[in-house]
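Reading through the structure tokens given below for one structure.
Below, chains carry the letters A, B, ... as their sequence lines are ordered, and counting in each starts from 1. Side-chain atoms are counted along with the backbone in the values below, which use heavy atoms only and exclude waters and symmetry mates.
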Amino acid sequence: MKTSKRSHTCGTLGLKNIGESVKLSGWVQRRRDLGGLIFVNLRDRSGIIQVVFDRDINEEAFNLAHEIRNEFVLTIRGVVTHREKGQCNDSIPTGHIEIKAEHLEILNTAKTPPIYIDDDDVLDESIRLKYRYLDLRKPKMQNILMIRHKATKIIRDYLDQRGFVEIETPILTKPTPEGARDFMVPSRVQKGSFFALPQSPQLFKQILMVSGMDRYYQIVKCFRDEDLRADRQPEFTQIDIEMSFINEEDIMYINERMIVEIFKKIKGYDIPLPIERMTYKEAMDRFGTDKPDTRFGFELKDLTNIVTNCEFNVFSNAVNSGGSVRAINAKGCGEKFSRREIDALGEFVKQYKAKGLAWINIKDDSIKSPISKFLSEKELTDIIEIMDGQPGDLIFIVADKTQIVYDALGQLRLELSKKLQLTNNNEYKFLWITEFPLLEFDNEEKRYTAMHHPFTSPIDEDISILESHPDGVRAKAYDLVVNGVELGGGSIRIHNSELQEKMFNVLGFSRDKAWEKFGFLLEAFKYGTPPHGGIAFGLDRLIMILTNTDNIKDVIAFPKTQNHSCLMTEAPSIAEEERLEELGILVKETE
RNA sequence: GGCCCGGUAGUUCAGAUGGUUAGAACGCUAGCCUGUCACGCUAGAGGCCGAGGGUUCGAGUCCCUUCCAGGUCGCCA
């Protein structure tokens, strides 16, 4: 770090440096002018140190120090001294020393900033994004960026040591018919034609396997033109990995060890190996989601068989029209929620299309429930037994189409854990979700779509029913989940062009359309394709987990707002007439 | 596209029922102050109440439209 403008960095100085003459450069955190004595807290990336300007030490520096304001950029030279007893500040690491300034150079002045550089300063997010360079001066933000750097370094080292090669793939590429909406880029040279920005380098990494590169990875930007969420940005980063001559076990083995290494090196946290496996079906049945948070209980139980013929029409109708009735037992919550709060939870599940939320509050010698009058004694006892109901418990029941029941109860579980603070941020429960369905039925398009992507291989024993019972086919796909967050996912790919064509057929792609969209891949597959598969992790989400952040914008240096704009650069902006002309684009007037 | 919440000083916010000159804290400016560290004291400046329209004698406040920011459903792995 030593340069002509500094001998040390602020935060790294300590008692060991006492008596040394040092040169420091940084920003003014704060100035305290006592009249005959001026204190300045000087900040750089490494930390903060107090500088004293004293007329008796150097009058010229002292006089100049009157001009100092917050966020001025300074170089100071002085001697590291031990602070006297009673003058120490235990709230900063360098609080037992200070620099007696012998020389001051003001490298630059600063306007009064709209953001005070302090981790605890409360600010509207739009101000933070507009003045992102100031927001990024905060130690907390700098720490996140440094952890992000450290994580990618560990990943690169880990993969390099195991023979992986980082290869760049195009950003200007071809649109993909399945999956998210593509960002489009017009071609000037071929007017009317457009590139798409990649949603992921999926096809290229498979082609690289055909090329014999064997083990590929890339830490790469991906683009999806969809709406934002607290954990979603239109451009984000993937750790993209592909390997040849492997099966699912090989992929999970090598990748879970990479995650273990990241957590060990960054957090000193030991993830027990091997990481637990759970099938998709089990995850849905027990947690109502394919990314369960297994740090707490409240698991789903199936009541369908008990209430099939019950008097309560809401239940029996749901069952008879092909749905199900399921419940969770909020252990020990019978006294924790008021009637009003329970009603609010009923409103909560309506967000997920549930029509209502039934509940049974088990008292010491009675039962309180709005639905008990519709249920027989036997049905009630059976429900309580299957739910392992004890006095003090509160059982929540949802009856509907099974997917809605899963959604509503799965989300209710999370809501309850939030309200009851059941989870500990320093605990990490990893698991692999396996045996995903290969396909899901798209009600709008009235056809099957690939749950992962169209190149995912079915499980061998299910290939025979691919065309007769598509919804029963399981995929060689796997997701890595931690604390209810999907960190990454991947699959073994189809490497046989016959099976691939069958797959397109099931997806309702004509042979012509498949060749128009993916012809280059199908053609490549005819020239000797090794069995291959891979995985991709969301780097941003990984960093969120590592830094205990719940906002993806905080782990990206220059993120976008919900409106897809960058408040700092004011992108996107209206294109100039000449540029549009050049591109052959006519912009429609909007009302 | 739907739903919810917000927009008042540089910043964070307060402004019941519409009613004189729109407040506070922090920050900022000036002066005083030699051991402060959220320094202290004194004085001061600072507002298109997001924008447009409407109702009204009168709108920060009520109504409509719109823009911006956040959360969420749809969408998206």
Test side-chain contact (heavy atoms from CB on, under 4.5 Å), reference A/Phe537, set A/Asp240, A/Asn255, A/Ile219, A/Leu542, output is A/Asn255

* Dump the intermediate steps for side-chain contact (heavy atoms from CB on, under 4.5 Å) on A/Asp227 and A/Arg229, then the final yes or no. => CA-CA 7 Å; A/Asp227 288 347; A/Arg229 286 292 182 280; 4.3 Å; yes

Checking N1-N3 plus N6-O4 or O6-N4 for Watson-Crick, or N1-O2 and O6-N3 for wobble, each under 3.5 Å, the partner of B/C33 is none

| request: Return yes if the base of B/U36 and the side-chain atoms of A/Gln87 contain a donor-acceptor N/O pair under 3.5 Å, otherwise no. | output: no

Would you kindly check whether a donor in the side chain of A/Arg224 faces an acceptor in the base of B/C76, or vice versa, at under 3.5 angstrom?
no

Length of the line joining [X]:[atom1] and [N]:[atom2], which is rounded to integer Å:
X        : N     : atom1 : atom2 : result
A/Asp227 : B/A69 : CG    : P     : 13 Å
A/Lys418 : B/G71 : NZ    : C1'   : 10 Å
A/Met451 : B/C76 : CE    : C1'   : 13 Å
A/Ile552 : B/G71 : CD1   : P     : 11 Å
A/Asn70  : B/G27 : CG    : P     : 9 Å
A/Lys350 : B/G2  : NZ    : P     : 22 Å
A/Leu539 : B/A77 : CG    : P     : 18 Å

Here the residues of residues 557-570 of chain A within 4.0 Å heavy-atom distance, strictly under, of RNA chain B are A/Thr561, A/Gln562, A/Asn563, A/Ser565, A/Leu567

Can you tell me which nucleotide in [options] comes closest to the side chain of [X]?
X        : options             : result
A/Ser126 : B/A77, B/C75, B/A69 : B/A69
A/Ala180 : B/C76, B/U12, B/G35 : B/C76
A/Arg229 : B/C73, B/A77, B/U29 : B/C73
A/Leu37  : B/C76, B/U36, B/U34 : B/U34
A/Asp124 : B/A69, B/G35, B/G10 : B/A69
A/Ile127 : B/U12, B/C37, B/G74 : B/U12

Taking only Lys NZ, Arg NE, NH1 and NH2, and the carboxylate oxygens of Asp or Glu, determine whether [X] and [Y] approach each other closer than 4.0 Å.
X        : Y        : result
A/Lys419 : A/Glu341 : no
A/Arg128 : A/Asp135 : yes
A/Glu226 : A/Arg232 : no
A/Glu486 : A/Lys291 : no

Could you go step by step and tell me if A/Tyr116 and A/Arg30 meet the side chain to side chain donor-acceptor pair (under 3.5 Å) rule? CA-CA 10 Å; A/Tyr116 177 56; A/Arg30 219 172 235 290; 3.0 Å; yes

Checklist entry - Going through the checks in order, is the side chain to side chain donor-acceptor pair (under 3.5 Å) test met by A/Gln202 and A/His453? => result CA-CA 9 Å; A/Gln202 183 60 36; A/His453 57 59; 3.1 Å; yes

A/Phe509 and A/Pro177 have their tightest heavy-atom pair at CE2-CG, 4.0 Å

Judged by nearest nucleotide, the residue sitting upstream toward the 5' end of RNA chain B, A/Glu178 or A/Tyr352, is A/Tyr352

Note: for A/Asp56 and A/Cys88 on RNA chain B, the residue whose nearest nucleotide lies more 5' is A/Asp56

The contact string for nucleotides 38-44 of chain B, one letter per nucleotide 5' to 3', using protein heavy atoms under 4.0 Å with B, S and - for base, sugar-phosphate only and none, comes out as SB-----

Exercise for review: Determine: side-chain N/O of A/Gln233 to OP1/OP2 of B/C76, distance under 4.0 Å, yes or no.
Suggested key: no

